Amino acid sequence: MDSVLDSSWVARFPRTRYQGSKRKHAAAIVDQLRDMSFTTVLDAFGGTGAVAYAFKRAGKRVTYNDLLVFNHQIGLALIENDSVRLIDQEIAAIGERRIGLAYGDFIERTFAGVYFTNDENRWLDTAGGNISRMTCRYKRALAWFAVFQAAMAKRPYNLFHRANLYMRTADVPRSFGNKAGWDRPFEDHLRAFAAEANEAVFNGPQPCRAMCRDALEIDPVFDLVYIDTPYINRNRVGVDYRAFYHFLEGMVRYDDWPDLIDRGFKHLPLRRKAHPWSDASACHAAFRVLFERFRDSQLVVSYRSEGIPSIDELVRILRHMKKKVRIVDLDRRPYALSTNSRSSETLLVAAD
């Protein structure tokens, strides 16, 4: 595990504006496991892929998993992909309309005045059409990654939870946000993020893969399972990544998108899907089922110290299945947009 102690690889992992990202903690998380013996790893709720990437850097055989289709593209681009990169001509062509090809206009027609300007919406329709025509799945994934990051960089709060284009376009004094970044052309953002994704690609010593499944349905065949579920705070409010990033999920599912939208809301989210990880009344049972499914693996759980279930409750569940449960307080750094300085990043390490 010596490679984990050299965290210089963190600089090669792309910047991300994804809420809840473990980019800053990934090296410390994997370093905490340096004395444990394991080869195969499941990152069951992969998100940005930062922790899966750290495991790959440490020479492990990593399976990245995430239920969201757009996140799966991140896993394909940065975890499963060992060598494929985008060349400059391919990056430049993503946002260019080609003579003789037909392009959809769903974003331009549907999201006018919601998140982006009309020209930007047209650019996104174009980019999605060109990416869908790429024949290499890893080139598609890298292109999607760059488009996702570019779209978030141009959004106030980096989210899609409100119809608030006016926050970008209003001519008023500002005390927050990055107006220059919001107004930077998509093409400029795309080049920068594609370059970062290209830089992150490397050939690990073990084959890795990316999956897009419900974590509760994955075969329990791993030496170690890393678990970082959506967080429910002490006020019983859960993080719903599908709701925060529905626009990105819709882009990847472009042909199905019109039938998925809930038009009862101005910001046009996808119709809500119930899941236990953002439901304070259901998450306890879901953790028990998840831990039980992978009870033959070493279990590593990232969690916030003030979450629901509590740390003590999770430890009690784990101790029904594992002889040793170690609690690591990684820091006292609150999430972005959080005013709760008492909430810290906590790691639970359970093994026989």
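Computed from a prediction, not measured in an experiment: that's the story for all the values here. Just so you know, residue 1 is the first one in the sequence shown, and it goes up from there.
- Between the side chains of S83 and N203, no donor N or O sits under 3.5 Å from an acceptor N or O.
- A continuous path of ILVMFWY side-chain contacts below 4.5 Å connects I79 to V51, so both sit in one hydrophobic cluster.
- Both tests hold for R133 against Y103: distance to the six-membered ring centre under 6.0 Å, angle to the ring axis within 45°.
- Ion pairing of D312 with R316 is absent here, as no side-chain N (NZ or NE/NH1/NH2) approaches a carboxylate O to less than 4.0 Å.
- Ion pair K56/D82 flagged as a salt bridge, since at least one NZ, NE, NH1 or NH2 atom sits closer than 4.0 Å to an Asp/Glu carboxylate oxygen.
- K323 and D352 are not joined by a salt bridge, as no carboxylate oxygen comes within less than 4.0 angstrom of a charged side-chain nitrogen.
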**Criterion ring pair (Phe, Tyr, Trp, His ring centres under 6.0 Å) on W257 and F111, from CA distance to verdict** = CA-CA 12 Å; W257 202 354; F111 289 92; 5.3 Å; yes

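- Judged by the 6.0 Å distance and 45° axis criteria, K154 is not positioned over the aromatic ring of F116.
- Checked by atom type, the side-chain pair R155/N164 shows a donor-acceptor distance below 3.5 Å.
- Atoms CZ and CD, from R191 and E196 in turn, are 14.0 Å apart once rounded to the nearest 0.5 Å.
- Remark: I227 CD1 to F294 CZ distance equals 7.0 Å, nearest 0.5 Å.
- Electrostatic pairing of R184 and D188 does not count as a salt bridge here, judged by no charged N lying under 4.0 Å from a carboxylate O.
- K22 and D228 are joined by a salt bridge, as a carboxylate oxygen and a charged side-chain nitrogen come within less than 4.0 angstrom of each other.
- Taking the centre of each ring, F244 and F160 stay at or above the 6.0 Å mark.
- The residues E80 and R209 are annotated as not salt-bridged, no charged nitrogen and carboxylate oxygen being separated by less than 4.0 angstrom.
- A centroid separation of less than 6.0 Å is found between the aromatic rings of H246 and H267.
- Side chains of V41 and F222 form no contact here, defined as non-hydrogen atoms less than 4.5 Å apart.
- Salt bridge present: D31 and R34 bring a charged side-chain N and a carboxylate O closer than 4.0 Å.
- Contact of the W277 side chain with the Y241 side chain is not registered, since no non-hydrogen atoms from C-beta on lie closer than 4.5 Å.
- L216 and A286 make their closest contact through CD2-O, 4.3 Å (heavy atoms, listed as atom of the first residue, atom of the second, distance).
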